[in-house]
Trainee: 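Below you'll find the structure I mean.
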There are 2 protein chains.
Amino acid sequence: MPLSKVRRVSLAHSVSSQLSRAIVAGDFPAGSQLSEPSLAATLGVSRAPIREALIELELRGLVEFDPQGHTRVPTLTPADLQEIHAMRVAIDPLAASLAAEHATTDVFAALEANIAATKDAKTLADVSRLDAEFHDRIVKSGRNRRLMLCWSGLRDQVELWLTQMQLRHQAITKRTRQQTVDSHYELLEVIRSGDPKQAATLAGDHVAGWTDLLPTVTAVPNS
Amino acid sequence: MPLSKVRRVSLAHSVSSQLSRAIVAGDFPAGSQLSEPSLAATLGVSRAPIREALIELELRGLVEFDPQGHTRVPTLTPADLQEIHAMRVAIDPLAASLAAEHATTDVFAALEANIAATKDAKTLADVSRLDAEFHDRIVKSGRNRRLMLCWSGLRDQVELWLTQMQLRHQAITKRTRQQTVDSHYELLEVIRSGDPKQAATLAGDHVAGWTDLLPTVTAVPNS
DNA sequence: CGATTGTATGTTGTCGACAGAATGAGGCCC
DNA sequence: GGGCCTCATTCTGTCGACAACATACAATCG
């Protein structure tokens with residue numbers, strides 16, 4: 001049996017990933033303070049790794065720092081979502097065009113599997129997770145580290161927003177699900193065709209298409 | 001005299017800004033290790049603020065972490081510059097369109113002053129600094145914090161790249177300078193006109209126009 | 001002489017501790 | 001009873017110290 005490389009994972013990284021999952025999952029109510037001593041006690045580490053993780057999370061937009069230095073879970077406003085959406089309209093076309101240039105067959109297979117899974121999605125949480133994974137694959141296949149960094153931050157913030165709006169457990173309408181499946185399939189095919197320009201424009205239309213959906217969602221916070 | 005707000009600046013923030021300036025200025029050769037003890041001794045602080053600053057700089061792309069955890073100044077390759085350029089092609093149109101929507105008269109004044117100063121630029125360092133300030137104003141006027149964060153990271157990395165290519169002290173040709181002045185003026189006018197779409201397309205053409213310039217520059221590292 | 005082992009140094013990751021500031025409770029004076 | 005002052009608590013920002021790990025070098029053994 002070939003020995004696999006032993007990689008030591010720093011506590012700061014563990015804390016970072018664990019905290020980001022917890023925040024996105026809604027374990028901390030929006031606006032709540034995350035005090036370093038309590039986090040340290042909960043996670044069983046000292047404050048140093050906690051602080052380093054919090055700095056990383058702040059730059060990813062999952063926490064924010066008070067003027068007094070207190071760490072809080074940001075309460076995402078409609079304005080925030082508009083910012084995120086505008087960024088995605090700018091970035092998704094780039095991701096799609098890069099994918100059209102660089103994607104290999106295994107990427108296509110993964111995307112197809114993702115679309116197939118999306119057809120069985122029941123809740124908004126399901127479809128949102130699958131949608132995130134779908135675009136994750138596309139962005140990663142583009143092999144642009146700056147793009148990946150930017151995208152992952154936006155993705156996490158969208159997930160956080162979904163949680164804060166309490167939309168995760170909402171059942172998804174057949175129409176919305178079919179819409180995502182269709183547009184994802186279109187996107188896959190244009191990426192597979194290998195035409196960057198066409199992929200970019202289609203991706204742009206795809207994201208921009210959500211523009212009229214978002215206000216209606218924000219207008220119905222919890223029903 | 002109205003008392004200005006006393007702002008407590010954390011050491012970590014001071015270290016961060018000071019280090020980023022030093023790195024961008026080329027005080028550390030590309031690929032050199034930044035050991036925390038020596039930085040701490042040099043700056044007269046303990047390692048804790050150093051570490052926190054380094055984490056921030058890593059996410060901004062000004063340093064990178066070895067597999068062994070050592071902090072090093074990244075050696076930007078042509079591939080890195082292509083990544084950055086691709087991101088700017090995606091992002092600058094958004095910045096311009098947002099500016100066209102939100103910019104106020106004082107922004108226009110600042111941009112005009114910047115263009116005027118650019119006409120007197122002597123070296124590539126001058127024109128690059130003024131260009132960065134120009135786009136800084138535009139991005140800031142768009143009032144999108146995510147965009148601002150993304151842009152500032154790219155900007156710093158471009159500055160670092162200029163330093164590493166030893167292009168800062170190179171005299172600028174009249175033609176290049178005039179080209180920058182012209183395109184900046186065009187951009188200012190279309191933003192002032194308030195048409196987001198037109199501003200976006202012009203900004204996109206503007207950045208994309210540098211595509212054929214970059215290879216020629218990279219082909220002539222130090223002459 | 002080459003390979004291997006032991007060692008010595010430098011660096012990172014983590015911890016516990018302390019000072020300063022902010023916040024809130026409780027008592028005191030008017 | 002209301003406003004103000006004092007005090008206790010809690011948190012952040014920072015520091016110094018220690019262990020684990022990696023690296024380079026010297027010494028040892030075949």
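All chains are named by letter (A, B, ...) in the order of the sequence lines, taking the proteins before the strands, and each is independently numbered beginning at 1. On a predicted model such as this, the values are computed, not experimentally measured, just so you know.
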Trainee: Could you tell me whether A:Glu36 contacts a base, only the sugar-phosphate backbone, or nothing, with contacts defined as non-hydrogen atoms closer than 4.0 Å?
Mentor: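 Sugar-phosphate: the residue A:Glu36, judged by heavy atoms under 4.0 Å, touches backbone atoms but no base.
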Trainee: Measure from the side chain of B:Ser35, starting at C-beta and using heavy atoms only, and say which of C:dT12, D:dT12, C:dT14 lies closest.
Mentor: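 Among the listed nucleotides, the one closest to the side chain of B:Ser35 is C:dT12.
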Trainee: Let me see the working for B:Asp131 and B:His184 under side chain to side chain contact (heavy atoms under 4.5 Å, CB included), right down to the final yes or no.
Mentor: CA-CA 9 Å; B:Asp131 181 82; B:His184 280 191; 2.7 Å; yes
Trainee: Given C:dG13, is OP1 or OP2 found less than 4.0 Å from the side-chain N or O atoms of A:Ser10?
Mentor: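 For A:Ser10, the contact criterion (side-chain N or O under 4.0 Å from OP1 or OP2 of C:dG13) is not met.
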Trainee: I'd like to know whether CZ of B:Arg143 has more than 12 heavy-atom contacts from other residues, nucleotides or ligands below 6.0 angstrom.
Mentor: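 No, CZ of B:Arg143 has 12 or fewer neighbouring heavy atoms, counting only those of other groups under 6.0 Å.
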Trainee: Within this structure, what is the CG-CD1 distance for the pair A:Leu94 and A:Ile138, rounded to the nearest 0.5 Å?
Mentor: 12.0 Å
Trainee: To the nearest Å, how far apart are A:Arg72 CZ and D:dT12 C1'?
Mentor: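 One finds 16 Å between C1' of D:dT12 and CZ of A:Arg72, rounded.
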Trainee: If you measure from the Lys or Arg side-chain nitrogens to the Asp or Glu carboxylate oxygens, is any gap between B:Arg129 and B:Glu133 under 4.0 Å?
Mentor: yes
Trainee: Rounding to a whole Å, what distance do you find between B:Leu39:CG and C:dT11:P?
Mentor: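 One finds 10 Å between P of C:dT11 and CG of B:Leu39, rounded.
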Trainee: Tell me, yes or no, whether the heavy-atom count around B:Arg137 atom CZ, taken from other residues, nucleotides or ligands under 6.0 Å, exceeds 12.
Mentor: no
Trainee: Please state whether the phosphate of C:dT11, meaning OP1 or OP2, lies under 4.0 angstrom from any side-chain nitrogen or oxygen of B:Gln68.
Mentor: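 B:Gln68 to C:dT11 OP1/OP2: no side-chain N or O under 4.0 Å.
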Trainee: Would you mind reading off the distance between A:Leu43 atom CG and C:dC15 atom P, rounded to a whole angstrom?
Mentor: 11 Å
Trainee: Taking all non-hydrogen atoms of both residues, which atom of A:Ala121 and which atom of A:Val127 are closest, and how far apart?
Mentor: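 So the minimum-distance heavy-atom pair works out to CB-N, 4.0 Å.
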Trainee: My validator wants the stems of DNA chain C: runs of 3 or more consecutive Watson-Crick or G-U pairs, both distances under 3.5 Å, written as range with range.
Mentor: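 So the stems come out as C:1-30 with D:1-30.
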Trainee: Could you give the CD-to-C1' distance, from B:Gln33 to D:dT23, as a whole number of Å?
Mentor: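 After rounding, the reported distance stands at 10 Å.
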Trainee: Tell me whether the side-chain N/O atoms of B:Arg51 come closer than 4.0 Å to OP1 or OP2 in C:dG13.
Mentor: yes
Trainee: In whole angstrom, what separates A:Ile50's CD1 from D:dT12's C1'?
Mentor: 14 Å
Trainee: Whole Å only: how far is the CD atom of A:Glu52 from the P atom of C:dT14?
Mentor: 7 Å
Trainee: For A:Arg8 and for A:His70, find the nucleotide of DNA chain D with the closest heavy atom, then tell me which residue's nucleotide is more 5'.
Mentor: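 Final value for this comparison: A:His70.
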Trainee: Between A:Asp27 and A:Arg21, does at least one N-O distance fall below 4.0 Å, as a salt bridge requires?
Mentor: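 Judged by the 4.0 Å cut-off on N to carboxylate O distance, A:Asp27 and A:Arg21 do not form a salt bridge.
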Trainee: Taking the minimum atom-to-atom distance to the side chain of B:Ser46, which one of C:dA17, C:dG13, D:dG16 wins?
Mentor: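 Nearest to the side chain of B:Ser46 among the choices is D:dG16.
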Trainee: Would you kindly give the CZ-to-P distance between B:Arg47 and D:dA17, to the nearest whole Å?
Mentor: 13 Å
Trainee: Taking CG from A:Asp66 and C1' from C:dA21, how many angstroms apart are they, rounded to a whole number?
Mentor: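 Distance, rounded to whole Å: 14 Å.
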